Amino acid sequence: MDKFIRVILFTIALGMYFLFILKSDNIVIAVTKIMIVALLLLGMEAIRRDREKVFLIHYDITRLKNMKNSEFMEYVAQLYKKLGYYIDPIKKEKDLGCDLIVRKNRDVICIKCISEEAEVNLEPLQAAYGSKNLYRANKSLVITPNGYTDKAKQFARANHMILVDQIELIKLITKAIGNKDSEMSAPNTQEA
């Protein structure tokens, strides 16, 4: 579909180019008209790309809220991979409170993924915090497309854990979509 749109836009631009050249006696005016059309086409393409990004983000959040935890964990792994992290998946039978270990430079982050709860309570945070030393991570993070209870937020603050809720998840998805082919800096997640 994307190639089809580009071919159509190129054909329109080429047609207008010949129309302006044939209809104009002054080459400067014709070139000016061509430049205006080219700028308009570039602007239309930029608007289309921005709309597509917004659609993908909203679609992802709605879809993520309906995922099972195992599917959500796979999504988070792919998201962090796009953000330039190396992923160490943890086998189900060895899961001791952490779903993923992600590495980048000197950062080793223990991630717990929760999608099936409306609000994440204290229990998953305690499990993730407990597994931080076990996996030799320097950060522990809990990620959800939803929110957190007040007790969970309080626990995270007291233990310097990172909570990624819907808003922070949208930021991560935006970074991943905007930088598909390039390595990115660490995600802009905030400690609770």
Side-chain angles (χ1 to χ4, degrees), residues 53-192:
K53 283 181 185 178
V54 169
F55 171 77
L56 287 173
I57 291 168
H58 289 292
Y59 170 77
D60 278 347
I61 290 297
T62 303
R63 190 174 59 106
L64 294 175
K65 287 184 176 190
N66 296 320
M67 279 185 179
K68 294 180 179 176
N69 280 338
S70 60
E71 294 170 323
F72 182 61
M73 182 187 74
E74 288 296 321
Y75 181 89
V76 170
Q78 291 303 312
L79 180 63
Y80 273 85
K81 191 173 186 177
K82 285 183 181 181
L83 293 170
Y85 284 81
Y86 175 77
I87 311 300
D88 289 339
I90 298 171
K91 295 180 181 176
K92 274 263 189 226
E93 62 273 4
K94 292 186 179 181
D95 178 4
L96 296 172
C98 189
D99 296 320
L100 300 167
I101 301 293
V102 297
R103 301 173 191 277
K104 186 174 183 183
N105 302 327
R106 292 182 181 232
D107 273 342
V108 179
I109 306 172
C110 175
I111 299 179
K112 181 73 175 171
C113 305
I114 308 289
S115 66
E116 296 176 341
E117 297 178 24
E119 276 192 324
V120 177
N121 60 27
L122 194 56
E123 195 174 304
L125 274 74
Q126 291 170 328
Y129 181 73
S131 66
K132 179 179 159 184
N133 290 333
L134 178 69
Y135 294 108
R136 295 188 174 119
N138 56 3
K139 296 178 183 176
S140 59
L141 180 147
V142 179
I143 186 167
T144 182
N146 300 305
Y148 297 91
T149 63
D150 289 336
K151 286 185 179 182
K153 290 176 186 176
Q154 185 179 11
F155 180 83
R157 266 191 303 275
N159 292 291
H160 307 288
M161 294 181 70
I162 300 170
L163 298 182
V164 177
D165 60 5
Q166 181 177 346
I167 294 168
E168 293 299 321
L169 185 55
I170 288 172
K171 290 178 186 177
L172 289 173
I173 294 169
T174 303
K175 280 185 175 183
I177 290 172
N179 295 294
K180 286 180 183 176
D181 299 323
S182 64
E183 189 172 320
M184 297 176 47
S185 60
N188 186 18
T189 52
Q190 300 175 356
E191 288 190 19

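The first residue of the sequence shown is numbered 1, and numbering continues consecutively from there. Everything numeric here is computed off the predicted structure, so don't read it as measured data.
The CG atom of Asn66 sits 12.0 Å away from the NZ atom of Lys68 when rounded to the nearest 0.5 Å. For the atom pair NZ (Lys139) and NZ (Lys132), the distance works out to 10.0 Å, reported to the nearest 0.5 Å. In this structure, Ile167 CD1 and Leu172 CG are separated by 12.5 Å, a value rounded to the nearest 0.5 Å. To the nearest 0.5 angstrom, Glu74 atom CD is 9.5 Å from Cys113 atom SG. Rounded to the nearest 0.5 angstrom, Leu122 CG and Asp150 CG are separated by 11.5 Å. With values rounded to the nearest 0.5 angstrom, Lys171 atom NZ is found 9.0 Å from Lys175 atom NZ.
Summarising the geometry of Cys98 relative to Ser131, their closest heavy-atom pair is CB-OG, 3.2 Å, with the distance given to 0.1 Å. Minimum interatomic distance between Val142 and Met161 (heavy atoms only, all atoms of both residues): CG2-CE, 3.9 Å. When all heavy atoms of Val120 and Ala152 are compared, the pair lying nearest together is O-CB, 3.6 Å. In this structure, Glu116 and Met67 approach most closely via the heavy-atom pair CG-O, 3.7 Å. For Leu141 against Tyr80, the heavy-atom pair with the smallest separation is CD1-OH, 3.6 Å. Nearest heavy-atom pair, Lys82 versus Ala176, reported as atom, atom and distance to 0.1 Å: CB-CB, 4.1 Å.
Counting heavy atoms from C-beta outward, Arg157 and Lys153 have side chains that approach closer than 4.5 Å. Annotation: side chain of Asp88 is in contact with side chain of Arg103 (closest heavy-atom distance under 4.5 Å). Two residues are said to be in side-chain contact when any heavy atoms from C-beta on lie closer than 4.5 Å; Asn121 and Lys151 fail this criterion. Side-chain atoms of Ile101 and Val108, non-hydrogen and from C-beta on, do get closer than 4.5 Å to each other. Here the side chains of Tyr85 and Leu100 are not in contact, with every heavy-atom distance at 4.5 Å or above. For the pair Lys65/Gln166, a side-chain contact is recorded, criterion being any heavy-atom separation below 4.5 Å from C-beta on.
Among Val102, Ile111, Leu79, the single residue meeting the side-chain contact (heavy atoms from CB on, under 4.5 Å) criterion with Ile87 is Val102. Among Val76, Asp99, Leu64, the single residue meeting the side-chain contact (heavy atoms from CB on, under 4.5 Å) criterion with Ile143 is Val76.
Other residues, nucleotides and ligands contribute over 12 non-hydrogen atoms within 6.0 Å of the CD atom of Glu71. Remark: Phe72 CZ is packed, more than 12 non-hydrogen atoms of other residues, nucleotides or ligands lying under 6.0 Å away.
Thr144 places a side-chain N or O within 3.5 Å of a backbone atom of Ile114 that can act as its donor or acceptor partner. Put simply, the side chain of Asn69 gets close to the backbone of Ser115: a donor and an acceptor are under 3.5 Å apart.
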